[in-house]
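First up is the structure itself, then whatever we jot down about it.
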Amino acid sequence: MRVISINLNGIRSAFNKGLLPWMNQQSADIVCLQELKAQAADLTHEMSAPPGYHGCFHYAEKKGYSGVGIYSKRKPDAVIVGLGIPEFDSEGRYIEAQFGSLSVVSLYLPSGSSGEERQAVKFNFMAAFMPHLRELHASGRDVLICGDWNIAHTEKDLKNWRGNRKNSGFLPEERAWLSELFHEVGYVDVFRKLHPELEAYTWWSNRGQAWAKDVGWRIDYHVASAGIAATAKTTSIYKEQRFSDHAPLTVDYDYP
């Protein structure tokens, strides 16, 4: 089972940059999308249901903002749109597709980098999301949450960690929240499980020469319950083409 996660920074932009031909070559079973920056009416037929895929989406109410989606070769048995929390659901940040005993989530956790107000929203989201994460984990289902978590967990997960200790995305409270998720709740950071020491990134700032110099952050994750995490075989970050300011993160699972 091949699963890809990618923050598109605009689905229309990503398709214009060649996302679909690349995706067709990957033969992924599931593709989790974040930051659609579009509403249903903005999507072409190929964007809403690429050849061979079913598409499901959670759009933000605000135009050209946020939004998540999932493409899957198999039609989901059920789709859950949103967390049932209006202030967050209006921003289109969570969609869950269920296939038998497997739940696949596409997540776009808020960014706090634009200022204190958005950082407060991010902390509120994290506080509201943790009980849901615990509930999912306790459900007995296989759970895979792919997306842009907007937090680098450890010093290995961003190039310039020293200079970012007081910045959103690497704040002690944010990192502790992920530590709770991995060490207490029992979820697994799949990339880190397969590559305990590798310093590799999924997002690069548009400032300076971040991309050229590989001064990046690893903020896109496959976060899985232990059962499915144990089946992860290989992972890759695709950097040959750029569809977005994020790179696609692919994991192959030996999962039926």
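Excluded from the calculations below are hydrogen atoms, water molecules and symmetry mates; all remaining heavy atoms, backbone and side chain alike, are included.
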For Pro196 and Lys156, the nearest pair of non-hydrogen atoms, with its separation, is O-CE, 3.1 Å
Expected output: side-chain Arg12 to main-chain Lys37 donor-acceptor under 3.5 Å
yes
Are the charged groups of Arg2 and Asp252 less than 4.0 angstrom apart, N to O?
yes
Should Val68 and Phe129 be counted in the same cluster of Ile, Leu, Val, Met, Phe, Trp and Tyr side chains packed under 4.5 Å apart?
no
Does the side chain of Val215 reach to within under 4.5 Å of the side chain of Gln209, using non-hydrogen atoms?
no
Could you walk me through whether Glu180 and Arg134 pass the salt bridge (Lys or Arg N to Asp or Glu O under 4.0 Å) test, one step at a time?
CA-CA 10 Å; Glu180 179 185 342; Arg134 287 181 176 274; 2.8 Å; yes
Close side-chain approach of Leu249 to His246, heavy-atom, < 4.5 Å:
no
Output all residues satisfying side-chain contact (heavy atoms from CB on, under 4.5 Å) with Glu91, sequence neighbours left out; order by chain, then residue number.
Tyr65, Arg93, Arg118
Check: Tyr187 side chain, Leu133 main-chain N or O, donor-acceptor pair, under 3.5 Å:
yes
Short question: side chain of Thr250, backbone of Thr235 - any donor-acceptor pair under 3.5 Å?
no
Answer yes or no: is there a side-chain heavy-atom contact under 4.5 Å between Ser103 and Gln98?
yes
Which heavy-atom pair separates Asp148 from Gln34 by the least distance, and what is that distance?
N-OE1, 3.7 Å
Under a 3.5 Å distance rule, please check whether Asn7 uses its side chain to pair with a backbone N or O of Glu35 as donor and acceptor.
no
Once rounded to the nearest 0.5 Å, what's the spacing between atom CD1 of Ile11 and atom OG of Ser244?
11.5 Å
Between the side chains of Asp157 and Thr154, is a donor N or O closer than 3.5 angstrom to an acceptor N or O?
yes
Just verifying a value: how many Å separate Glu199 CD and Arg218 CZ, rounded to the nearest 0.5 Å?
10.5 Å
Take Ser111 and Lys122 through the side-chain contact (heavy atoms from CB on, under 4.5 Å) test and state the conclusion after the steps.
CA-CA 6 Å; Ser111 167; Lys122 183 177 186 178; 5.8 Å; no
Side-chain (Ser236) to main-chain (Tyr238) donor-acceptor, under 3.5 angstrom
no
Check whether Thr202 reaches the backbone of Asp220 with its side chain - one donor and one acceptor, N or O, closer than 3.5 Å.
yes
Excluding sequence neighbours, so at least two apart, what forms ring pair (Phe, Tyr, Trp, His ring centres under 6.0 Å) with His54?
none
Distance alone, cut at 3.5 Å: any donor-acceptor contact between the side chains of His132 and Tyr94?
yes
How far does CG of Leu19 sit from CG of Leu33, to the nearest 0.5 angstrom?
7.5 Å
Minimum heavy-atom distance Tyr53-Ala49, with the two atoms named
O-CB, 3.8 Å
Quick one: do Val251 and Val3 satisfy side-chain contact (heavy atoms from CB on, under 4.5 Å)? Show the steps, please.
CA-CA 6 Å; Val251 180; Val3 183; 5.5 Å; no
In Å and rounded to the nearest 0.5 Å, what is the CG to CZ distance from Asp29 to Phe99?
9.5 Å
Would the distance check show the side chain of Tyr221 and the main-chain N or O of Ile151 forming a donor-acceptor pair, the cut-off being under 3.5 Å?
yes
Compare every heavy atom of Thr231 with every heavy atom of Gly227, then report the nearest pair and how far apart it is.
O-CG2, 3.5 Å
Quick check: is Trp177 connected to Phe125 through a chain of hydrophobic side chains (ILVMFWY, heavy atoms under 4.5 Å apart)?
yes
Here's one to test your reading of the geometry: is the NZ or CZ of Lys239 within 45 degrees of the ring axis of Trp211 and under 6.0 Å from its centre?
yes
Do the non-hydrogen side-chain atoms of Phe243 and Met23 ever get within less than 4.5 Å of each other?
no
For Trp204 and Asp214: C-alpha separation, side-chain torsions, deciding distance, then whether side-chain contact (heavy atoms from CB on, under 4.5 Å) applies.
CA-CA 7 Å; Trp204 298 263; Asp214 198 26; 2.9 Å; yes
Is there side-chain contact between Trp149 and Asp189, with at least one heavy-atom pair below 4.5 Å?
no
Would you please test Glu61 and Ser90 for side chain to side chain donor-acceptor pair (under 3.5 Å) and show each step?
CA-CA 5 Å; Glu61 289 174 8; Ser90 66; 4.7 Å; no
Among Cys146, Cys56, Cys32, exactly one meets side-chain contact (heavy atoms from CB on, under 4.5 Å) together with Ser106. Which residue is that?
Cys32
Say whether Trp217 and Asn160, considering side chains only, have a donor N or O and an acceptor N or O under 3.5 Å apart.
no
dist Lys73:NZ -> Ile30:CD1 (nearest 0.5 Å) comes out at 11.0 Å
Nearest 0.5 Å, what's the CD-CG distance between Glu173 and Leu178?
12.5 Å
Cationic tip of Arg175 within the cone over Phe170's six-membered ring, i.e. under 6.0 Å and within 45° of the normal?
yes
Going by atom types alone, do Asp245 and Trp203 pair a side-chain donor with an acceptor below 3.5 Å?
yes
Shortest non-hydrogen contact between Gly82 and His58, atoms and distance
CA-CE1, 3.6 Å
Is Asp42 salt-bridged to Lys63, going by a charged N under 4.0 Å from an acidic O?
no
Co-membership, hydrophobic cluster, residues Phe88 and Phe57, 4.5 Å side-chain
no
Show, in sequence, the C-alpha distance, side-chain angles and deciding distance for Phe191 and Leu198, and conclude whether the side-chain contact (heavy atoms from CB on, under 4.5 Å) test is met.
CA-CA 9 Å; Phe191 179 90; Leu198 184 64; 3.8 Å; yes
Between the main-chain N or O of Gly169 and the side-chain N or O of Glu174, is there a donor-acceptor pair closer than 3.5 Å?
yes
Quick one: do Leu181 and Ile145 end up in the same hydrophobic cluster if we chain Ile, Leu, Val, Met, Phe, Trp and Tyr together by side-chain heavy atoms under 4.5 Å apart?
yes
Return yes when atom NZ of Lys62 has more than 12 non-hydrogen atoms of other residues, nucleotides or ligands closer than 6.0 Å, and no otherwise.
no
Just so I know, are the side chains of His137 and Val143 near enough to count as touching, which here means a heavy-atom distance under 4.5 Å?
no
Answer yes or no: are there more than 12 heavy-atom neighbours, outside His45 itself, under 6.0 Å from its atom NE2?
no
Leu194 vs Thr234 side-chain heavy atoms within contact, under 4.5 Å:
no
Among the clusters formed by ILVMFWY side chains lying less than 4.5 Å apart, do Leu171 and Leu158 turn up in the same one?
no
Which atom names give the shortest non-hydrogen contact between Pro172 and Arg165, and what distance separates them?
CD-O, 3.9 Å
Flag side-chain contact, heavy atom, 4.5 Å: Gln26 against Val31
no
